[in-house]
2 protein chains.
Amino acid sequence: MPMDDAQHEYVDRVATFFTMFGSARAWAEILGWLMICEPAEQTQAQLAEDLRLSAGTVSTQLRAHVQLGMVEQVRVRGDRTQRYRLRPGAWYAVMASELERIRALGELARAGDGVLPRDRPERVTELGDLADFFAREWPPLMERMTAELEKGRP
Amino acid sequence: MPMDDAQHEYVDRVATFFTMFGSARAWAEILGWLMICEPAEQTQAQLAEDLRLSAGTVSTQLRAHVQLGMVEQVRVRGDRTQRYRLRPGAWYAVMASELERIRALGELARAGDGVLPRDRPERVTELGDLADFFAREWPPLMERMTAELEKGRP
DNA sequence: GCATGATTTCAGTATTGCCTGAATGTACTG
DNA sequence: CAGTACATTCAGGCAATACTGAAATCATGC
């Protein structure tokens with residue numbers, strides 16, 4: 001189903017938001033459209049047509065979404081075409097995966113041990129403490145988040 | 001004080017890390033060097049010399065750091081040259097400012113109310129719930145973080 | 001004020017990364 | 001097995017951005 005005006009405006013808003021943080025326009029538009037399109041499952045051809053993007057762009061950016069875990073492929077039995085949709089719980093999954101980045105930050109801080117400055121070494125150690133703090137806090141936070149989620153949809 | 005090999009390696013590591021997330025190379029190198037340079041306060045000319053960057057680049061990217069709140073200017077009386085340093089508690093400040101982005105995400109979700117899809121509307125509402133959850137959890141988390149910080153350096 | 005050196009601005013250049021469109025590859029249907 | 005529709009790959013164009021170097025501006029100590 002092609003976009004109406006309100007939908008187009010929303011896709012644009014989502015796209016504008018995410019491009020502010022450096023993502024590609026097409027990537028962000030696909031995300032915005034996958035949030036509100038009907039049905040939720042779309043083929044690459046439909047996405048290309050509705051968003052006026054080339055098939056190549058859709059293929060590339062969609063793969064990026066899949067690799068990030070935001071989007072998944074759905075196989076429909078007896079239908080030759082692959083469909084893609086926003087992964088259920090995608091937003092939560094993104095938050096959960098933050099833990100990895102936190103750990104990477106901790107690594108980065110520890111790698112600075114050999115070059116710790118005499119003058120205000122906390123410029124480096126603070127970062128390590130911060131990463132440790134979040135590494136400890138994140139798992140229980142994620143559990144509370146999941147509990148919240150269950151409450152909404154049992 | 002110019003860089004030795006170990007320092008150079010660390011600056012490179014920090015720069016590589018942050019460029020992975022889309023920041024400019026020069027921006028990231030300045031950050032890495034400001035984490036470990038001695039003294040912690042540096043002039044633009046020193047940064048340009050040590051990092052082999054042009055004066056223009058240093059000026060531009062340093063401004064970006066200042067605007068983001070990572071770096072601050074220090075005025076030294078009787079010295080005409082401005083100095084720059086990593087802001088004390090810069091890492092914590094960045095985390096605290098996450099709250100704004102969380103709120104913006106909530107806005108984005110609410111803006112989707114008018115185009116909520118019949119089919120799996122949770123694609124949008126989930127994002128709103130997530131933002132609400134974090135908006136609630138973030139302030140107390142930040143308080144615990146600050147408490148942790150105080151413990152380290154009273 | 002004036003001189004000096006630091007900082008900013010800006011035009012030009014290089015680089016990067018997105019996007020397209022066509023060619024190629026793949027999988028299902030009849 | 002042929003035909004069809006979908007998906008992927010990739011070379012090339014294009015736009016955006018980073019960086020440089022030089023000129024202009026600004027601030028401070030004298």
Side-chain angles (χ1 to χ4, degrees), chain A residues 1-2 11-12 14-34 37 39 41-68 70-85, chain B residues 11-12 14-34 37 39 41-68 70-85:
Chain A
M1 198 190 59
V11 169
D12 188 60
V14 172
T16 301
F17 182 85
F18 284 99
T19 46
M20 277 201 328
F21 298 110
S23 37
R25 180 85 198 173
W27 184 94
E29 287 188 356
I30 289 172
L31 175 59
W33 183 224
L34 283 180
C37 61
E41 293 80 17
Q42 298 275 309
T43 67
Q44 290 201 16
Q46 287 174 321
L47 291 171
E49 153 124 20
D50 293 339
L51 294 168
R52 314 271 153 87
L53 294 170
S54 76
T57 299
V58 171
S59 176
T60 304
Q61 299 303 331
L62 210 43
R63 190 203 337 277
H65 277 299
V66 170
Q67 282 175 348
L68 283 173
M70 285 293 295
V71 168
E72 64 186 2
Q73 300 176 352
V74 211
R75 310 191 130 280
V76 180
R77 264 181 67 88
D79 188 353
R80 117 172 98 229
T81 80
Q82 195 84 248
R83 287 169 199 268
Y84 296 83
R85 69 170 179 206
Chain B
V11 169
D12 189 59
V14 172
T16 301
F17 183 85
F18 283 100
T19 46
M20 277 200 330
F21 297 111
S23 37
R25 181 85 199 171
W27 183 95
E29 286 187 357
I30 289 172
L31 175 59
W33 184 224
L34 284 180
C37 60
E41 293 80 17
Q42 298 276 309
T43 68
Q44 290 201 16
Q46 286 175 321
L47 291 171
E49 154 123 20
D50 293 339
L51 294 168
R52 314 271 154 89
L53 295 169
S54 75
T57 299
V58 171
S59 175
T60 304
Q61 299 301 332
L62 210 43
R63 191 202 338 275
H65 276 300
V66 171
Q67 281 175 349
L68 282 173
M70 285 293 295
V71 168
E72 65 187 1
Q73 301 176 352
V74 210
R75 311 188 131 282
V76 180
R77 263 180 68 85
D79 188 353
R80 126 167 90 230
T81 80
Q82 197 83 245
R83 285 167 202 270
Y84 297 83
R85 68 169 180 208

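Here the structure is a predicted model, which means the values were calculated and not measured. Lettering of chains follows the sequences in order, A, B, ..., and the numbering in each one begins at 1. Keep in mind that the numbers below use all heavy atoms, side chains included, and drop hydrogens, waters and symmetry copies.
- Of the listed nucleotides (C/dT9, D/dC19, D/dA7), C/dT9 has the atom at the smallest distance from the side chain of B/T60.
- The OG1 atom of B/T43 sits 12.5 Å away from the CD atom of B/Q73 when rounded to the nearest 0.5 Å.
- At whole-Å resolution of the value, CG in A/L47 and P in C/dC19 are 14 Å apart.
- Under the side-chain contact (heavy atoms from CB on, under 4.5 Å) test applied with A/L47, the options A/T57, A/L53, A/L62 reduce to a single match, A/L62.
- Annotation: side chain of B/T16 is in contact with side chain of B/R25 (closest heavy-atom distance under 4.5 Å).
- Here A/A24 lies in heavy-atom contact (under 4.0 Å) with sugar-phosphate atoms only.
- Distance, A/Q46 CD to D/dA7 C1': 14 Å, rounded to whole Å.
- Look at CD on B/Q73: it is 10 Å from C1' on C/dT7, rounded to the nearest Å.
- The separation between B/R25 atom CZ and D/dA16 atom C1' is 20 Å, rounded to whole Å.
- The B/Y84 side chain lies nearest to C/dT8 when the options are D/dT28, C/dT20, C/dT8.
- In terms of heavy atoms, B/V14 sits closest to B/A28 at CG1-O, 4.2 Å.
- Note: CD (B/Q42) to P (C/dA6) measures 14 Å, nearest angstrom.
- B/E41 has its CD atom 18 Å from the C1' atom of C/dA6, to the nearest Å.
- Both A/G56 and A/G22 lie close to DNA chain C; mapped to their nearest nucleotides by heavy-atom distance, the more 5′-ward contact belongs to A/G22.
- Nearest nucleotide to the side chain of A/S54, out of C/dT7, D/dT8, C/dG21: C/dG21.
- For B/R75, counting side-chain heavy atoms from C-beta on, the closest listed nucleotide (C/dT9, C/dC28, D/dT28) is D/dT28.
- Contact check, A/S59 against D/dT8: a side-chain N or O comes under 4.0 Å of OP1 or OP2.
- At a threshold of 4.0 angstrom between heavy atoms, the contacts of B/T81 are confined to the sugar-phosphate backbone, with no base atom among them.
- Closest to the side chain of A/T43, from the set D/dA7, C/dC19, D/dT20, is D/dA7.
- Look at CD on A/Q61: it is 13 Å from P on D/dT8, rounded to the nearest Å.
- Nucleotide D/dA5 holds its P atom 17 Å from the CD atom of A/Q44, rounded to whole Å.
- Ring-plane geometry between A/H65 and A/W27 is classed as parallel, the angle between the planes falling under 30 degrees on a 0 to 90 degree scale with a further cut at 60.
- Backbone-only contact: B/R52 has heavy atoms under 4.0 Å from sugar-phosphate atoms and none from a base.
- Residue A/A26 is in sugar-phosphate contact alone, with no base atom involved, counting any heavy-atom pair closer than 4.0 Å across all strands shown.
- Among the nucleotides D/dT20, C/dC19, D/dT9, the one closest to any side-chain atom of A/R63 is D/dT9.
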